[in-house]
Protein chains: 2
Amino acid sequence: MDQELKKPGKADRTRAAILAAAQQLFAGQGYELTTVRDIAAIADIDPAMVIRYFGSKDELFARAAVFNLKLPDLSKAERSEIGETLVRHFLSLWEGENANGAMPILLRSAASNKTAANKLREIFMGQVLPALTHAGGRSGAAERAGLVSSQLLGLALCRYVLKLPPVVGLSQDMIIREVGRTIQRYATGEQ
Amino acid sequence: MDQELKKPGKADRTRAAILAAAQQLFAGQGYELTTVRDIAAIADIDPAMVIRYFGSKDELFARAAVFNLKLPDLSKAERSEIGETLVRHFLSLWEGENANGAMPILLRSAASNKTAANKLREIFMGQVLPALTHAGGRSGAAERAGLVSSQLLGLALCRYVLKLPPVVGLSQDMIIREVGRTIQRYATGEQ
DNA sequence: GTCTATAATTCGATAGAC
DNA sequence: GTCTATCGAATTATAGAC
């Protein structure tokens with residue numbers, strides 16, 4: 001009894017090692033090419049333990065790809081800075097100190113994995129769209145959210161998944177300035 | 001003798017059926033999830049024939065994903081219409097009459113297939129970058145090509161692969177107008 | 001040219017000893 | 001909790017009969 005309280009025992013370390021290995025491989029080569037055996041090899045444990053701890057490869061993926069955009073409250077932001085604010089937020093989320101790599105994981109796997117694709121749809125429909133609803137603009141919120149998503153996801157795709165050299169080489173400042181202007185126009189309909 | 005001359009014999013029809021089935025499946029579910037058996041089933045032939053005609057799954061993929069952007073000569077276009085011209089061109093290429101689905105094939109597979117990822121890099125580095133070199137602008141051509149690619153590939157990703165409802169729902173006119181303005185600014189550095 | 005049969009792997013997942 | 005051993009299914013690719 002009192003088992004689930006503290007004690008970072010060996011079980012917890014094993015579990016954490018599995019999760020870390022899974023995130024590394026899912027992010028690097030997507031869901032289909034990542035095998036339970038590979039994950040176990042990197043975590044330096046037996047393949048059977050992966051299933052024992054997470055039930056199945058699918059459940060492990062769901063745990064590894066947990067992702068919350070935690071979008072800032074745009075209604076409080078200076079209206080003219082909505083674009084840069086959003087881009088700054090995403091860059092920090094993707095490559096800041098606390099980045100967990102969940103976005104590359106989802107993006108790389110969403111191309112051929114329905115679970116990942118649905119999750120990405122949920123995230124952008126459930127978080128980006130509501131955030132833009134109160135940002136105003138001449139046209140519908142759905143259209144604006146679609147345009148914003150196409151630019152932000154395209155940036156992530158080229159920079160983290162495809163690794164197009166010119167996009168990888170873009171400085172954060174340049175991205176915030178240039179892409180920020182685009183997002184500003186899409187989000188507010190101004191300019 | 002004289003075998004490779006004309007006569008759209010049964011062999012040619014079989015070959016075409018295999019290629020069509022492969023494009024359909026590669027575009028719909030990516031490289032990894034598409035099996036030689038599935039392709040053969042749709043083409044209504046024996047799985048062994050797929051290998052016989054194309055050598056391997058990899059070679060078949062390379063044939064199915066042949067893609068040329070055939071970019072218009074931007075130096076001849078009205079400078080203020082470069083953005084809309086480019087967006088129109090890509091939309092026509094992706095969903096016009098002669099669209100062959102190669103872009104969704106590459107995009108969906110590039111996430112986890114190195115062959116596809118390299119091909120996409122080649123296409124955008126080898127065709128988009130040179131096209132923008134002569135389009136001028138204040139900053140480097142590589143940076144501009146990177147920004148352009150991020151928006152165009154993001155649009156294709158959201159519309160054809162992820163099928164985000166708000167992006168799927170965008171009219172061609174709206175895309176040409178809104179995304180066109182973005183591409184115009186990225187390509188020329190103006191506005 | 002076409003298909004049957006199968007080789008050779010590789011996968012996720014399980015059973016059970018320790 | 002951990003690992004050995006293995007199952008059953010699915011994969012690409014090949015060999016050879018017709």
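No hydrogens, no waters, no symmetry mates; every other heavy atom, side chains included, goes into these values.
- No chain of hydrophobic side-chain contacts below 4.5 Å, direct or via other Ile, Leu, Val, Met, Phe, Trp or Tyr residues, connects B:F26 to B:V161.
- Counting to the nearest Å, the P atom of C:dA13 and the CD1 atom of A:I18 are 13 Å from each other.
- Note: CG (B:D44) to C1' (C:dG1) measures 16 Å, nearest angstrom.
- A:L129 shares a hydrophobic cluster with A:M125; the chain of contacts runs through ILVMFWY side chains whose heavy atoms sit under 4.5 Å apart.
- When the P atom of D:dG1 is taken as reference, atom CZ of A:R13 falls 12 Å away, rounded to whole Å.
- Phosphate contact (OP1/OP2 of C:dT10, side-chain N/O of A:T35, threshold under 4.0 Å): absent.
- Atom pair A:R37:CZ and C:dG12:P shows a separation of 7 Å (rounding to whole Å applied).
- No donor-acceptor pair under 3.5 Å is formed between the side chain of B:R144 and the backbone N or O of B:G189.
- In this structure, A:Y160 and A:W94 have perpendicular ring planes: the angle between them is above 60°, well past the 30° mark.
- Contacts between residues 49-62 of chain A and DNA chain D, defined by a heavy-atom separation under 4.0 Å, are made by A:M49, A:R52, A:Y53.
- Using a distance-only test at 3.5 Å, with no hydrogens or angles considered, no donor-acceptor pair links the side chain of B:E32 to the main chain of A:E32.
- The CG atom of A:N113 sits 13 Å away from the P atom of C:dG12 (whole-angstrom rounding).
- Under a 3.5 Å cut-off, the side chain of B:Q184 and the backbone N or O of B:R79 do form a donor-acceptor pair.
- Between the CD atom of B:E32 and the P atom of C:dT10 there is a distance of 15 Å, rounded to whole Å.
- Helix bend of the helix from C:dG1-D:dC18 to C:dC18-D:dG1: the angle between its two end axes, each built from five pairs, comes to 10° after rounding to 10°.
- Taking atom CG on A:D38 and atom C1' on C:dC11, their separation rounds to 11 Å, with Å as the unit.
- Atom CZ of A:R121 has more than 12 neighbouring heavy atoms from other residues, nucleotides or ligands inside a 6.0 Å radius.
- For the pair A:L93/A:M103, no side-chain contact is recorded, criterion being any heavy-atom separation below 4.5 Å from C-beta on.
- Of the candidates D:dT2, C:dT4, D:dC3, D:dC3 carries the atom nearest the A:D46 side chain, counting heavy atoms from C-beta on.
- Checking side-chain atoms of A:K57 against main-chain N and O of A:V50 turns up no donor-acceptor pair under 3.5 Å.
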